[in-house]
Amino acid sequence: MAAPWPSLRLVAPIWNRSTRGIHHLGGAVDPESNQKKRRTMLQYLSDYFYDVESLRGYFLQNEMDKVHQKNRFRDKEWIRPDKYGHFSQEFWNFSEVPVEAVDASDCVINYEGLENLHLLKELQSLSLQRCPHMDDWCLSRLYPLADSLLELSLAGCPRISERGLACLHHLQNLRRLDISNLPSVSNPGLTQILVEEMLPNCKVVGVDLAEGLKLGPEEQPQDTDRPVPA
Amino acid sequence: VPHTGSTVGRLGEEDINEKLSEIKKKIQSPLHPLYDSSYLPPDHSDVVIVGGGVLGLSVAYWLKKLEKQRGALRVLVVERDLTYSQASSALSLGGIHQQFSLPENIHLSLFSASFLRNINEHLAVVDAPPLDLQFNPLGYLWLASEKDAAAMENNVKVQRQEGAKVCLMSPDQLRNKFPWINTEGVALASYGMEDEGWFDPWCLLQGLRRKVQSMGVLFCQGEVTRFVSSTDRMLTKNHKEVKLKRIYEVHVKMDNSLEYQPVECAIVINAAGAWSAQIAALAGIGKGPPDTLQGTKLPVEPRKRYVYVWHCPQGPGLESPLVADTSGTYFRREGLGSNYLGGRSPTEEEEPDPGNLEVDHDFFQDKVWPHLAQRVPAFETLKVQNAWAGYYDYNTFDQNGVVGPHPLVVNMFFATGFSGHGLQQAPGVGRAVAEMILEGRFQTINLDSFLFSRFYLGEKIQEDNII
């Protein structure tokens, strides 16, 4: 079983609208409200009186309990198969919940299988690490996820080359891309630089650019500008 | 025949001619150590494919793949130049796209894309390494000016209906996505999202050749110089006489020698690319009064096209597709090192002489560079590194392929005339011809509109998106 890879949480989870009603509870919870400089009367009072502060805390706790009651995903961030590889039947209860992240590491998914991902309109993070059948053709199938996809990991896929990585330019909302350990990429350092140029808002992780610099001073730099032979 | 040793002695008494003919017979018997005819094609072959380029090999592959019993067909591929120095397949840019106006072309391209995607399942040979086509899935971007915008929109509708994944872009969207384009004069653009791109045609050619040889197809380096056919006279319903010919022998001349081998055959396939018209003329196609079926020639002729390679460090980035401009100029990126390949199809007046494959560099300076620099301002500072020329098997009638049997020479099948998009349609066309031969009709993709008879009937199936 693949170890769970740390979900990035680049985007703060969007709170249920009803909790906002209590006059911007405690300042620390909602990062966006920190920007607002205006201080309400209640905030002023709770800064000065312990009782008001604890009353606010009590109301907050009530609302949180209500939220957690409705939360069907308690303690379960990821839905995983059990040791026999089967998913539990409870999965069907969640059919209208939008899928946010899919971890398909080490999965033998192929070109036809990726079509199933097109239905996930709110997919934010996709992990295709070490998939043996992922190749350049498959990468050209990821463009329908462009609106929502924020994270993509292709580490360790043996068949992906720099030609497939070029099709990722459709994914303009991508914020994190992992392209480490791609054995078929001919020039990993240069590819990373070109991919970074292609996706300016994205953090591209993968190649240790200092690797090339470990060569001694006598070593000639690699000539990547050679003309193509006819 | 037992070898009786040399016939020395008493030459003066015996007839010399008799002796000589006896010696000749002994030498020609396959058991004699002097006899080696392995370089000659066989005496009989069910199918003779004239031309060993990607179309000929594709037909050979599908014939062997779809034959009813293993070893049912003996196929011989005759190629004049096994180094492929002038073959269009080897010199091609290797692009594949589905942005055509004809539904048949779209289907052929889609079929070929799925063939290439699974190429290692189709062309796997025991103990041989898998093929790496170096496919680049970045798609084609066709730009249209004001007057072509409506036609492009229609075409995209047809393409989408047939299953191609193409999207239309306005000039603003173009500028957003590809900031290095100058959208002046562009009203609309169509961008292929999937199954479009470019690959290495040499790899496909070698892969097909390797597979086809492993399936038992015979290869021969030689030139077809003569067809011997038998004629059959039949009457039409209106009691007009029609002469139907059937080729029963093909004379294959060996390289650099006058020796030829007559190969008895049942079916001949004309996949000779730019030189198909010569092969057709050998079979008597076009010999007759004009405006009759006998007098209709095969309208395929070689047209020279140039491809230039240049280096431009500030050019479009890794994500640039194959851009086909409103002026007919096209270019694509090659590799990671800021190299680009491209060219332009000349107009009818500018057509270069197809006698040789010399490159005209002035053509680039005068006719290609200005358009490139206008469309992509970064290309003003490019430097040409290399160039080559290749032939299009150009169909002067309607720039679309000719597939299927000839109405009068009943056992000659065509697979030629694709005018620059033969490589991308080769797997589909190969399968169509094989189905026509083995089943008698097209099964997967209906190419009835590509038959030879349209030249006589005057039915043009014009394809707009040709570069």
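We name chains A, B, ... by the order of the sequence lines, and we start the count at 1 in each one.
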Pairing donors with acceptors under 3.5 angstrom, does anything connect the side chains of [X] and [Y]?
X       : Y       : result
Q424(B) : S109(B) : yes
K177(B) : H169(A) : no
Y84(B)  : Q206(B) : no
S170(B) : D172(B) : no

### Task
Pick one of side chain, backbone, both or neither for S186(A), based on which atoms fall under 4.5 Å of a heavy atom in chain B.
side chain
## Note on the structure
If you tally heavy-atom pairs under 4.5 Å between each of R141(A), Q172(A), R159(A) and chain B, the highest tally belongs to R141(A)
### Summary
Nearest heavy-atom approach of A90(B) to W202(B) is CB-CE3, 3.8 Å
Engaged part of [X] at the chain A interface, taking heavy atoms whose separation is under 4.5 Å:
X       : value
E196(B) : neither
Y340(B) : neither
L318(B) : both
L91(B)  : neither
N118(B) : neither
F178(B) : side chain

### Message
Out of D132(B), L138(B), V307(B), return the one with the most heavy atom pairs under 4.5 angstrom to chain A.
### Response
L138(B)
### Message
Any salt bridge linking E112(A) with R117(B)? Criterion: basic side-chain nitrogen under 4.0 Å from a carboxylate oxygen.
### Response
yes
